[in-house]
Amino acid sequence: MGGTLRAALVDGALVGGHDEDLELARRHSRGDPRAFDEVYAGYAAMVYNLALRLSGDGDEAADLTQEVFLRVYRHLGSFSGRAALKTWIFRVAVNHCRERLSRFRPLTVPLGEEADGPGTARVADPRRGPEEQAVAADLGRQVAQGLARLPAPFREAVVLRDLQGLSYQEIAAVLGVRVGTVRSRIARGREQLRALLDRRGTPAGAPAGAPGGHHGGMSS
Amino acid sequence: MSGRHLSSTSLSAYVDGETGPAEARRLELHLAACAGCRSRLASTRRLAGGLRRLAAVPPPAELAARVHSRIAAEPDAPAAAPAGPPGSRPSLRPFRRLPAWRRLRAMSSWIYWHDLPPLRGSWSAPAPLLSLGLMLLVTVLLLENGSGAGLAPLYPSLPRAHPEFLVSEVFGDAPAVLPQTTSEVAGRVFVWSDDVWVQRGVDPGGAGAPRAVPASSPAGRELLAKHADLGVLLADGSRVVLRYNYETLELWNGS
(Lines give C-alpha, C1' and ligand atoms only; values in the text may rest on other atoms or scores of the structure.)
Protein backbone atom coordinates (compact mmCIF):
# COMPACT_ATOMS: atom_id res chain seq x y z
CA MET A 1 0.00 0.00 0.00
CA GLY A 2 1.02 3.56 -0.25
CA GLY A 3 1.68 4.98 -3.67
CA THR A 4 4.60 7.04 -4.76
CA LEU A 5 2.74 10.18 -3.89
CA ARG A 6 2.26 8.96 -0.38
CA ALA A 7 5.94 8.11 -0.17
CA ALA A 8 6.95 11.51 -1.43
CA LEU A 9 4.74 13.39 0.97
CA VAL A 10 5.12 11.30 4.05
CA ASP A 11 8.76 10.31 3.84
CA GLY A 12 9.75 13.82 2.97
CA ALA A 13 7.91 15.19 5.90
CA LEU A 14 9.09 12.83 8.56
CA VAL A 15 11.99 14.64 10.07
CA GLY A 16 11.73 13.46 13.63
CA GLY A 17 9.15 14.45 16.23
CA HIS A 18 7.88 17.97 16.38
CA ASP A 19 6.47 18.18 19.88
CA GLU A 20 7.49 21.79 20.40
CA ASP A 21 5.89 22.85 17.14
CA LEU A 22 2.74 20.96 18.05
CA GLU A 23 2.64 22.57 21.47
CA LEU A 24 2.93 25.98 19.82
CA ALA A 25 -0.03 25.16 17.57
CA ARG A 26 -2.08 23.99 20.54
CA ARG A 27 -1.32 27.12 22.50
CA HIS A 28 -2.46 29.12 19.48
CA SER A 29 -5.67 27.10 19.31
CA ARG A 30 -6.27 27.77 22.99
CA GLY A 31 -6.06 31.50 22.25
CA ASP A 32 -2.58 32.23 23.58
CA PRO A 33 -1.49 35.28 21.53
CA ARG A 34 2.18 34.75 22.38
CA ALA A 35 2.17 31.53 20.39
CA PHE A 36 1.66 33.36 17.12
CA ASP A 37 4.19 36.01 18.13
CA GLU A 38 6.75 33.26 18.59
CA VAL A 39 5.94 31.81 15.20
CA TYR A 40 6.26 35.21 13.58
CA ALA A 41 9.53 35.99 15.31
CA GLY A 42 10.94 32.60 14.33
CA TYR A 43 9.93 32.54 10.69
CA ALA A 44 9.31 36.10 9.43
CA ALA A 45 12.80 36.52 7.96
CA MET A 46 12.62 33.08 6.36
CA VAL A 47 9.25 33.77 4.71
CA TYR A 48 10.23 37.29 3.63
CA ASN A 49 13.43 36.09 1.97
CA LEU A 50 11.64 33.24 0.26
CA ALA A 51 9.00 35.64 -1.07
CA LEU A 52 11.72 38.09 -2.08
CA ARG A 53 13.60 35.52 -4.12
CA LEU A 54 10.47 34.09 -5.68
CA SER A 55 8.96 37.46 -6.55
CA GLY A 56 12.14 39.45 -7.14
CA ASP A 57 10.52 42.51 -5.61
CA GLY A 58 10.82 43.92 -2.07
CA ASP A 59 7.37 45.49 -1.83
CA GLU A 60 5.70 42.42 -3.23
CA ALA A 61 7.67 40.26 -0.82
CA ALA A 62 6.40 42.35 2.12
CA ASP A 63 2.80 41.97 0.94
CA LEU A 64 3.26 38.25 0.39
CA THR A 65 4.79 37.82 3.83
CA GLN A 66 1.86 39.60 5.43
CA GLU A 67 -0.64 37.41 3.62
CA VAL A 68 1.26 34.23 4.39
CA PHE A 69 1.26 35.00 8.10
CA LEU A 70 -2.42 35.81 7.98
CA ARG A 71 -2.97 32.32 6.59
CA VAL A 72 -0.65 30.83 9.16
CA TYR A 73 -2.62 32.62 11.89
CA ARG A 74 -5.91 31.30 10.61
CA HIS A 75 -4.79 27.73 10.12
CA LEU A 76 -2.07 27.07 12.63
CA GLY A 77 -4.63 25.14 14.65
CA SER A 78 -4.79 22.48 11.97
CA PHE A 79 -1.06 21.83 12.13
CA SER A 80 -0.68 18.21 13.24
CA GLY A 81 3.03 17.93 13.95
CA ARG A 82 3.72 15.30 11.35
CA ALA A 83 5.95 17.66 9.42
CA ALA A 84 8.12 20.30 11.02
CA LEU A 85 6.36 23.62 11.45
CA LYS A 86 9.07 25.12 9.26
CA THR A 87 8.14 22.74 6.42
CA TRP A 88 4.47 23.52 6.90
CA ILE A 89 5.06 27.26 6.77
CA PHE A 90 7.26 26.88 3.69
CA ARG A 91 4.41 25.01 2.02
CA VAL A 92 1.93 27.73 2.83
CA ALA A 93 4.38 30.36 1.63
CA VAL A 94 5.31 28.63 -1.64
CA ASN A 95 1.68 28.01 -2.46
CA HIS A 96 0.69 31.54 -1.73
CA CYS A 97 3.55 32.93 -3.81
CA ARG A 98 2.59 30.63 -6.70
CA GLU A 99 -0.97 31.79 -6.60
CA ARG A 100 -0.22 35.48 -6.28
CA LEU A 101 2.64 35.61 -8.73
CA SER A 102 0.93 33.59 -11.42
CA ARG A 103 -2.18 35.71 -11.08
CA PHE A 104 -0.55 39.10 -11.20
CA ARG A 105 2.49 38.96 -13.42
CA PRO A 106 5.06 36.73 -14.91
CA LEU A 107 8.62 37.55 -13.97
CA THR A 108 10.05 39.21 -16.98
CA VAL A 109 12.64 41.55 -15.52
CA PRO A 110 15.41 41.62 -18.10
CA LEU A 111 18.89 40.99 -16.81
CA GLY A 112 20.68 44.15 -15.84
CA GLU A 113 17.62 46.39 -15.97
CA GLU A 114 16.37 45.99 -12.46
CA ALA A 115 17.03 48.97 -10.23
CA ASP A 116 18.66 48.64 -6.85
CA GLY A 117 16.27 47.76 -4.10
CA PRO A 118 15.54 45.13 -1.54
CA GLY A 119 15.22 42.54 -4.28
CA THR A 120 18.71 43.12 -5.54
CA ALA A 121 20.93 40.98 -3.49
CA ARG A 122 24.23 41.74 -1.93
CA VAL A 123 26.90 39.28 -1.18
CA ALA A 124 27.62 39.64 2.47
CA ASP A 125 31.22 39.79 3.53
CA PRO A 126 32.16 42.65 5.79
CA ARG A 127 35.85 41.79 5.54
CA ARG A 128 36.01 43.04 1.97
CA GLY A 129 37.15 46.48 0.92
CA PRO A 130 34.68 48.93 -0.65
CA GLU A 131 35.82 48.19 -4.21
CA GLU A 132 35.62 44.47 -3.73
CA GLN A 133 32.23 44.87 -2.09
CA ALA A 134 30.98 46.87 -5.07
CA VAL A 135 32.08 44.12 -7.46
CA ALA A 136 30.51 41.51 -5.22
CA ALA A 137 27.30 43.54 -5.01
CA ASP A 138 27.13 43.75 -8.78
CA LEU A 139 27.69 40.02 -9.17
CA GLY A 140 25.18 39.32 -6.42
CA ARG A 141 22.67 41.50 -8.22
CA GLN A 142 23.21 39.58 -11.43
CA VAL A 143 22.71 36.29 -9.63
CA ALA A 144 19.50 37.55 -8.03
CA GLN A 145 18.24 38.84 -11.35
CA GLY A 146 19.14 35.62 -13.10
CA LEU A 147 17.29 33.71 -10.40
CA ALA A 148 14.19 35.82 -11.02
CA ARG A 149 14.26 34.78 -14.68
CA LEU A 150 14.24 31.05 -14.07
CA PRO A 151 11.01 29.14 -14.71
CA ALA A 152 9.07 29.04 -11.45
CA PRO A 153 9.50 25.32 -10.67
CA PHE A 154 13.27 25.60 -10.99
CA ARG A 155 13.43 28.88 -9.11
CA GLU A 156 11.49 27.41 -6.19
CA ALA A 157 13.75 24.39 -5.96
CA VAL A 158 16.98 26.40 -6.22
CA VAL A 159 15.82 29.01 -3.72
CA LEU A 160 14.74 26.39 -1.21
CA ARG A 161 18.06 24.60 -1.57
CA ASP A 162 20.68 27.27 -1.99
CA LEU A 163 19.15 30.21 -0.19
CA GLN A 164 17.06 28.50 2.45
CA GLY A 165 19.35 25.52 2.96
CA LEU A 166 16.68 22.80 2.90
CA SER A 167 17.64 19.20 2.19
CA TYR A 168 16.25 17.52 -0.92
CA GLN A 169 13.86 15.55 1.23
CA GLU A 170 12.55 18.65 2.93
CA ILE A 171 12.12 20.36 -0.43
CA ALA A 172 10.20 17.33 -1.69
CA ALA A 173 7.87 17.65 1.30
CA VAL A 174 7.41 21.39 0.77
CA LEU A 175 6.71 21.10 -2.94
CA GLY A 176 4.81 17.81 -2.76
CA VAL A 177 7.01 16.13 -5.38
CA ARG A 178 9.44 13.21 -5.38
CA VAL A 179 13.05 13.63 -4.31
CA GLY A 180 14.09 12.67 -7.85
CA THR A 181 12.09 15.57 -9.20
CA VAL A 182 13.77 17.89 -6.72
CA ARG A 183 17.19 16.67 -7.88
CA SER A 184 16.36 17.33 -11.48
CA ARG A 185 14.77 20.73 -10.85
CA ILE A 186 17.75 21.95 -8.85
CA ALA A 187 20.21 20.73 -11.47
CA ARG A 188 18.28 22.26 -14.32
CA GLY A 189 17.68 25.48 -12.44
CA ARG A 190 21.40 25.83 -11.82
CA GLU A 191 22.17 24.89 -15.41
CA GLN A 192 19.87 27.59 -16.73
CA LEU A 193 21.13 30.12 -14.22
CA ARG A 194 24.69 29.41 -15.28
CA ALA A 195 23.72 29.90 -18.93
CA LEU A 196 22.09 33.23 -18.07
CA LEU A 197 25.13 34.39 -16.14
CA ASP A 198 27.51 33.26 -18.85
CA ARG A 199 25.56 35.33 -21.31
CA ARG A 200 26.01 38.31 -19.00
CA GLY A 201 29.73 37.73 -18.82
CA THR A 202 29.82 36.25 -15.34
CA PRO A 203 31.86 33.21 -16.25
CA ALA A 204 30.27 29.91 -15.27
CA GLY A 205 28.30 31.68 -12.58
CA ALA A 206 31.21 32.54 -10.39
CA PRO A 207 29.67 35.30 -8.31
CA ALA A 208 31.74 37.00 -5.68
CA GLY A 209 34.74 34.88 -6.50
CA ALA A 210 33.41 32.05 -4.42
CA PRO A 211 36.20 29.55 -3.97
CA GLY A 212 35.71 26.37 -5.92
CA GLY A 213 36.19 23.53 -3.50
CA HIS A 214 34.62 25.40 -0.67
CA HIS A 215 31.73 23.16 0.19
CA GLY A 216 29.86 20.12 -0.92
CA GLY A 217 32.84 17.94 -0.27
CA MET A 218 34.03 14.85 -2.04
CA SER A 219 32.14 12.77 0.41
CA SER A 220 31.73 9.13 -0.28
CA MET B 1 37.79 9.57 -18.87
CA SER B 2 35.72 6.54 -17.98
CA GLY B 3 32.41 5.92 -19.74
CA ARG B 4 29.86 8.62 -20.54
CA HIS B 5 30.09 12.03 -18.93
CA LEU B 6 28.23 12.57 -15.69
CA SER B 7 24.80 14.14 -15.86
CA SER B 8 24.32 17.62 -14.46
CA THR B 9 21.74 16.10 -12.09
CA SER B 10 24.35 13.78 -10.59
CA LEU B 11 26.95 16.53 -10.30
CA SER B 12 24.46 18.89 -8.72
CA ALA B 13 23.32 16.29 -6.18
CA TYR B 14 26.96 15.44 -5.44
CA VAL B 15 27.78 19.09 -4.71
CA ASP B 16 24.86 19.13 -2.29
CA GLY B 17 25.96 15.92 -0.58
CA GLU B 18 22.69 14.33 -1.68
CA THR B 19 24.07 11.17 -3.26
CA GLY B 20 24.23 7.82 -1.53
CA PRO B 21 27.65 6.30 -0.79
CA ALA B 22 27.50 3.95 -3.79
CA GLU B 23 26.57 6.72 -6.20
CA ALA B 24 29.22 9.02 -4.71
CA ARG B 25 31.88 6.34 -5.23
CA ARG B 26 30.81 5.85 -8.82
CA LEU B 27 30.95 9.60 -9.44
CA GLU B 28 34.34 9.94 -7.78
CA LEU B 29 35.77 7.15 -9.91
CA HIS B 30 34.63 8.95 -13.01
CA LEU B 31 35.75 12.36 -11.78
CA ALA B 32 39.24 11.05 -11.05
CA ALA B 33 39.60 10.17 -14.72
CA CYS B 34 37.63 12.92 -16.46
CA ALA B 35 38.93 16.49 -16.53
CA GLY B 36 35.80 17.73 -18.30
CA CYS B 37 33.48 16.53 -15.54
CA ARG B 38 35.85 17.88 -12.87
CA SER B 39 35.60 21.28 -14.46
CA ARG B 40 31.78 21.05 -14.58
CA LEU B 41 31.79 20.00 -10.94
CA ALA B 42 33.90 23.03 -10.00
CA SER B 43 31.56 25.29 -11.96
CA THR B 44 28.49 23.83 -10.23
CA ARG B 45 30.17 24.37 -6.87
CA ARG B 46 30.98 27.97 -7.67
CA LEU B 47 27.42 28.65 -8.73
CA ALA B 48 25.86 26.97 -5.69
CA GLY B 49 28.39 28.74 -3.46
CA GLY B 50 27.59 32.10 -5.04
CA LEU B 51 23.88 31.57 -4.45
CA ARG B 52 24.45 30.61 -0.85
CA ARG B 53 26.46 33.74 -0.29
CA LEU B 54 23.63 36.04 -1.28
CA ALA B 55 22.88 38.03 1.82
CA ALA B 56 19.64 37.42 3.64
CA VAL B 57 17.60 40.61 3.55
CA PRO B 58 15.94 41.63 6.81
CA PRO B 59 12.18 42.19 6.51
CA PRO B 60 11.09 45.85 6.54
CA ALA B 61 10.85 47.19 10.08
CA GLU B 62 7.16 48.06 9.79
CA LEU B 63 6.15 44.62 8.55
CA ALA B 64 5.58 43.15 12.01
CA ALA B 65 3.21 45.99 12.88
CA ARG B 66 1.36 45.51 9.60
CA VAL B 67 0.92 41.79 10.22
CA HIS B 68 -0.27 42.35 13.77
CA SER B 69 -2.75 45.06 12.83
CA ARG B 70 -4.12 42.84 10.06
CA ILE B 71 -4.53 40.02 12.52
CA ALA B 72 -6.18 42.28 15.05
CA ALA B 73 -8.83 42.96 12.39
CA GLU B 74 -9.63 39.25 12.09
CA PRO B 75 -13.23 38.63 13.14
CA ASP B 76 -12.55 35.44 15.08
CA ALA B 77 -9.92 33.70 17.06
CA PRO B 78 -8.02 30.92 15.21
CA ALA B 79 -10.37 29.28 12.73
CA ALA B 80 -9.29 25.73 13.37
CA ALA B 81 -10.95 23.69 16.05
CA PRO B 82 -8.85 23.10 19.14
CA ALA B 83 -6.49 20.25 18.43
CA GLY B 84 -7.14 17.04 20.30
CA PRO B 85 -4.43 14.67 21.39
CA PRO B 86 -2.37 13.19 18.55
CA GLY B 87 -4.39 10.67 16.61
CA SER B 88 -7.71 11.86 17.92
CA ARG B 89 -10.51 12.62 15.55
CA PRO B 90 -11.99 16.11 15.59
CA SER B 91 -15.72 16.19 16.08
CA LEU B 92 -17.84 16.58 12.96
CA ARG B 93 -20.83 17.71 14.98
CA PRO B 94 -20.58 21.45 14.34
CA PHE B 95 -19.98 20.71 10.71
CA ARG B 96 -23.14 18.62 10.44
CA ARG B 97 -25.22 21.43 11.86
CA LEU B 98 -24.32 23.68 8.94
CA PRO B 99 -26.60 24.01 5.92
CA ALA B 100 -25.49 22.01 2.87
CA TRP B 101 -23.95 24.94 0.99
CA ARG B 102 -21.86 25.98 3.97
CA ARG B 103 -20.74 22.41 4.50
CA LEU B 104 -19.61 22.37 0.91
CA ARG B 105 -17.74 25.62 1.37
CA ALA B 106 -16.13 24.47 4.57
CA MET B 107 -15.13 21.21 2.95
CA SER B 108 -13.57 22.96 -0.02
CA SER B 109 -11.59 25.14 2.29
CA TRP B 110 -10.58 22.13 4.38
CA ILE B 111 -9.25 20.33 1.33
CA TYR B 112 -7.62 23.54 0.19
CA TRP B 113 -5.71 23.79 3.40
CA HIS B 114 -4.82 20.19 3.82
CA ASP B 115 -3.64 19.54 0.33
CA LEU B 116 -1.78 22.72 -0.32
CA PRO B 117 0.60 22.25 -3.22
CA PRO B 118 -1.56 20.30 -5.64
CA LEU B 119 -4.38 22.81 -5.52
CA ARG B 120 -2.22 25.89 -5.72
CA GLY B 121 -1.01 25.61 -9.26
CA SER B 122 1.34 22.76 -8.65
CA TRP B 123 3.65 21.98 -11.51
CA SER B 124 2.88 18.28 -11.32
CA ALA B 125 -0.48 17.80 -12.87
CA PRO B 126 -2.09 14.58 -11.55
CA ALA B 127 -2.62 15.60 -7.92
CA PRO B 128 -5.05 18.46 -8.61
CA LEU B 129 -7.21 16.07 -10.57
CA LEU B 130 -7.30 13.72 -7.61
CA SER B 131 -8.21 16.58 -5.31
CA LEU B 132 -10.93 17.80 -7.63
CA GLY B 133 -12.33 14.30 -7.94
CA LEU B 134 -12.32 13.90 -4.19
CA MET B 135 -14.06 17.22 -3.74
CA LEU B 136 -16.80 16.28 -6.21
CA LEU B 137 -17.30 12.94 -4.55
CA VAL B 138 -17.60 14.51 -1.13
CA THR B 139 -20.00 17.09 -2.52
CA VAL B 140 -22.29 14.41 -3.91
CA LEU B 141 -22.20 12.57 -0.60
CA LEU B 142 -23.04 15.68 1.35
CA LEU B 143 -25.89 16.65 -0.89
CA GLU B 144 -27.35 13.16 -0.86
CA ASN B 145 -26.95 12.57 2.82
CA GLY B 146 -28.29 15.47 4.82
CA SER B 147 -26.72 14.34 8.06
CA GLY B 148 -23.21 14.23 6.68
CA ALA B 149 -22.85 10.87 8.36
CA GLY B 150 -22.04 9.31 5.02
CA LEU B 151 -18.50 10.57 5.51
CA ALA B 152 -17.65 8.22 8.29
CA PRO B 153 -17.88 4.80 6.66
CA LEU B 154 -16.32 5.91 3.41
CA TYR B 155 -13.43 7.90 4.84
CA PRO B 156 -12.88 6.41 8.26
CA SER B 157 -9.47 8.03 8.51
CA LEU B 158 -10.34 11.35 6.95
CA PRO B 159 -9.64 13.93 9.59
CA ARG B 160 -7.30 11.85 11.75
CA ALA B 161 -3.83 12.51 12.93
CA HIS B 162 -2.08 14.08 9.96
CA PRO B 163 -4.62 16.03 8.03
CA GLU B 164 -2.19 18.17 6.05
CA PHE B 165 -1.33 15.14 3.99
CA LEU B 166 -4.90 14.39 3.10
CA VAL B 167 -4.17 13.08 -0.36
CA SER B 168 -1.70 10.54 0.91
CA GLU B 169 -4.05 9.45 3.68
CA VAL B 170 -7.17 9.10 1.60
CA PHE B 171 -5.41 7.53 -1.31
CA GLY B 172 -3.16 5.35 0.80
CA ASP B 173 -4.69 2.22 -0.69
CA ALA B 174 -5.02 3.60 -4.18
CA PRO B 175 -2.96 2.10 -6.96
CA ALA B 176 0.61 3.32 -6.92
CA VAL B 177 0.33 4.51 -10.48
CA LEU B 178 -1.44 7.82 -10.65
CA PRO B 179 -3.52 8.70 -13.69
CA GLN B 180 -1.35 9.91 -16.52
CA THR B 181 -1.69 13.50 -17.58
CA THR B 182 -1.68 13.80 -21.31
CA SER B 183 -1.83 16.60 -23.77
CA GLU B 184 -2.49 16.46 -27.46
CA VAL B 185 -0.26 18.83 -29.31
CA ALA B 186 0.89 19.02 -32.90
CA GLY B 187 -1.11 15.88 -33.68
CA ARG B 188 0.81 13.87 -31.09
CA VAL B 189 -0.08 12.74 -27.60
CA PHE B 190 2.37 13.75 -24.88
CA VAL B 191 2.51 12.22 -21.42
CA TRP B 192 3.71 14.16 -18.40
CA SER B 193 6.49 12.29 -16.69
CA ASP B 194 8.00 14.07 -13.70
CA ASP B 195 9.44 17.14 -15.36
CA VAL B 196 9.23 16.16 -18.98
CA TRP B 197 6.53 15.85 -21.60
CA VAL B 198 7.29 12.67 -23.49
CA GLN B 199 5.58 11.80 -26.76
CA ARG B 200 3.58 8.63 -26.25
CA GLY B 201 5.48 5.64 -27.60
CA VAL B 202 8.87 7.35 -27.44
CA ASP B 203 11.41 5.94 -25.01
CA PRO B 204 13.62 8.81 -23.85
CA GLY B 205 16.05 6.38 -22.27
CA GLY B 206 16.18 4.12 -25.30
CA ALA B 207 19.10 3.46 -27.58
CA GLY B 208 20.97 6.72 -28.04
CA ALA B 209 20.14 9.71 -25.86
CA PRO B 210 17.72 12.23 -27.40
CA ARG B 211 19.41 15.09 -29.20
CA ALA B 212 19.09 18.25 -27.09
CA VAL B 213 17.49 21.07 -29.02
CA PRO B 214 17.30 24.42 -27.21
CA ALA B 215 14.15 26.34 -28.11
CA SER B 216 16.19 29.34 -29.19
CA SER B 217 18.51 27.40 -31.49
CA PRO B 218 17.80 27.41 -35.23
CA ALA B 219 16.48 23.83 -35.06
CA GLY B 220 14.32 24.69 -32.05
CA ARG B 221 12.95 27.80 -33.71
CA GLU B 222 12.16 25.84 -36.85
CA LEU B 223 10.35 23.18 -34.86
CA LEU B 224 8.34 25.74 -32.92
CA ALA B 225 7.52 27.67 -36.08
CA LYS B 226 6.15 24.51 -37.64
CA HIS B 227 4.28 23.37 -34.50
CA ALA B 228 3.66 26.51 -32.51
CA ASP B 229 1.56 24.67 -29.94
CA LEU B 230 4.65 22.84 -28.71
CA GLY B 231 5.41 26.14 -27.04
CA VAL B 232 2.46 25.51 -24.76
CA LEU B 233 4.20 22.45 -23.37
CA LEU B 234 7.42 24.39 -22.92
CA ALA B 235 5.71 27.23 -21.11
CA ASP B 236 6.06 25.63 -17.70
CA GLY B 237 9.80 25.38 -18.06
CA SER B 238 9.66 21.72 -18.89
CA ARG B 239 11.32 19.75 -21.64
CA VAL B 240 9.59 17.93 -24.44
CA VAL B 241 10.86 14.65 -25.83
CA LEU B 242 9.50 13.81 -29.25
CA ARG B 243 10.18 12.01 -32.51
CA TYR B 244 10.77 14.35 -35.40
CA ASN B 245 12.17 13.50 -38.81
CA TYR B 246 13.07 9.98 -37.65
CA GLU B 247 15.07 11.36 -34.74
CA THR B 248 14.36 11.57 -30.99
CA LEU B 249 14.72 15.17 -29.86
CA GLU B 250 14.63 16.83 -26.47
CA LEU B 251 13.31 20.33 -26.90
CA TRP B 252 13.90 22.57 -23.92
CA ASN B 253 13.58 26.18 -22.88
CA GLY B 254 16.97 27.66 -23.27
CA SER B 255 19.69 28.59 -25.64
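Naming convention: chains lettered A, B, ... in sequence-line order (proteins, then strands); numbering from 1 in each chain.
Checked against the 6.0 Å centroid criterion, the rings of A:Tyr40 and B:His68 qualify as a close aromatic pair.
Taking A:Phe90 as the reference, nothing meets the ring pair (Phe, Tyr, Trp, His ring centres under 6.0 Å) condition, with sequence neighbours excluded.
In terms of non-hydrogen atom pairs under 4.5 Å with chain B, the most contact-rich of A:Tyr168, A:Phe36, A:Phe69 is A:Tyr168.
Contact of B:Glu62 with chain A is not made at all, since no heavy-atom distance falls under 4.5 Å. Interface residue B:Ser10: backbone and side-chain heavy atoms are both found under 4.5 Å from chain A.
Note on A:Glu23 versus A:Arg30: salt bridge recorded, some NZ/NE/NH1/NH2 to OD/OE distance being below 4.0 Å.
Partner of A:Val47 under the side chain to side chain contact (heavy atoms under 4.5 Å, CB included) criterion, chosen from A:Leu64, A:Leu52, A:Ile89: A:Ile89.
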